[in-house]
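Step one of this worksheet: look at the structure below.
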Amino acid sequence: EAGVTQSPTHLIKTRGQQATLRCSPISGHTSVYWYQQALGLGLQFLLWYDEGEERNRGNFPPRFSGRQFPNYSSELNVNALELEDSALYLCASSREDRARETQYFGPGTRLLVL
Amino acid sequence: GNSVTQMEGPVTLSEEAFLTINCTYTATGYPSLFWYVQYPGEGLQLLLKATKADDKGSNKGFEATYRKETTSFHLEKGSVQVSDSAVYFCALSDQRGGSYIPTFGRGTSLIVHP
């Protein structure tokens, strides 16, 4: 069974640009979560998508957005990039009954904003 | 709201030493508890989990017991190896009111010397 995949592995952008990150969940998983892992800050919850809808979002500005497609893959878009957006962005997926389910993480996309 | 507090690192040990990484939580419901591990340059992997009070999760020589009375889920290993060097995250999940947001601790870095 293939795990969670993310692309690209690395992304370099300049301030003000837009970044698009992609995630494919494990087959059969309907929920996708996005996290930001900035240096020294642990995991910060960004967004939760389930069945194509945004279910919840963390304490991030609206320039962080995304969507989930009918095949349950997901995109995270970051507009008007700022230097502090440089971080590892992790995607995770889970099955139903999410409260008791393990999240399976992808390897992440490392975003560098210059 | 929910929160997870982990001991600050880095924790530095010699090979074959005993490991304890403390984790305490606050939650309004009955959460599931998890330990994830992140090896250098990789995403998070589930290490072990426990879904109800007094459950013990175990994997690869690591274990943790869900202690509701002390709201703790401390990670232990009897004899660490150099290959255990990684960052360890304690996490909880709690579904209440139709909303579900996983909560992670800030992570504890473990360095094991030969």
Side-chain angles (χ1 to χ4, degrees), chain A residues 2-10 21 23-26 29-51 53-60 87-111, chain B residues 1-10 21 23 25 27-53 55 57 59 64 66 73 86-109:
Chain A
V4 177
T5 59
Q6 292 186 245
S7 62
T9 55
H10 293 81
L21 288 64
C23 171
S24 291
I26 290 173
H29 287 194
T30 61
S31 277
V32 170
Y33 309 86
W34 287 96
Y35 296 88
Q36 182 193 67
Q37 187 179 21
L39 198 61
L41 291 180
L43 268 73
Q44 306 294 315
F45 168 75
L46 265 166
L47 291 158
W48 168 32
Y49 291 96
D50 182 61
E51 298 285 356
E53 294 191 13
E54 182 181 302
R55 300 295 186 180
N56 216 319
R57 66 181 292 129
N59 190 25
F60 281 84
L88 179 66
Y89 289 84
L90 293 169
C91 170
S93 72
S94 71
R95 298 179 299 182
E96 293 183 40
D97 191 15
R98 287 166 293 279
R100 305 210 176 277
E101 274 296 323
T102 304
Q103 293 195 358
Y104 294 84
F105 283 80
T109 293
R110 192 163 296 279
L111 173 64
Chain B
N2 296 341
S3 67
V4 175
T5 303
Q6 290 181 235
M7 59 188 292
E8 290 197 19
I21 299 178
C23 171
Y25 68 90
T28 51
Y30 300 92
S32 293
L33 302 174
F34 305 83
W35 276 102
Y36 287 86
V37 59
Q38 185 178 32
Y39 297 103
E42 299 182 11
L44 274 70
Q45 306 172 25
L46 176 70
L47 183 59
L48 52 84
K49 72 176 184 180
T51 58
K52 61 183 186 298
D55 269 2
N59 185 27
Y66 189 140
F73 193 54
V87 180
Y88 292 81
F89 292 89
C90 185
L92 68 82
S93 68
D94 182 24
Q95 187 171 29
R96 291 181 63 80
S99 182
Y100 165 67
I101 302 297
T103 304
F104 283 80
R106 295 171 68 96
T108 302
S109 175

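Below, chain A is the first sequence line, B the second, and so on; all start at residue 1. Keep in mind that the numbers below use all heavy atoms, side chains included, and drop hydrogens, waters and symmetry copies.
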Relative to chain B, which segment of A:Tyr104 carries a heavy atom at a distance below 4.5 Å: side chain, backbone, both, or neither?
-> neither
Cut-off 4.5 Å, heavy atoms of chain B, and the answer for A:Gln37 is side chain
For each of B:Leu44, B:Leu46, B:Val87, tally heavy-atom pairs with chain A at distances under 4.5 Å, and name the one with the top tally.
-> B:Leu44
Does a sphere of radius 6.0 Å around CD in B:Glu8 hold more than 12 heavy atoms from other residues, nucleotides or ligands, not counting ones at 6.0 Å or beyond?
-> no
Those residues at least two apart in sequence (or on a different chain) that pass side chain to side chain contact (heavy atoms under 4.5 Å, CB included) with B:Thr103 are B:Asn2, B:Val4, B:Leu92
Are A:Cys23 and A:Val4 side-chain neighbours, meaning at least one heavy-atom pair lies under 4.5 Å?
-> yes
Sort B:Gln6 into side chain, backbone, both or neither according to what part of it lies under 4.5 angstrom from a heavy atom of chain A.
-> neither
By ring pair (Phe, Tyr, Trp, His ring centres under 6.0 Å) - contacts of B:Tyr66 (at least two apart) | none
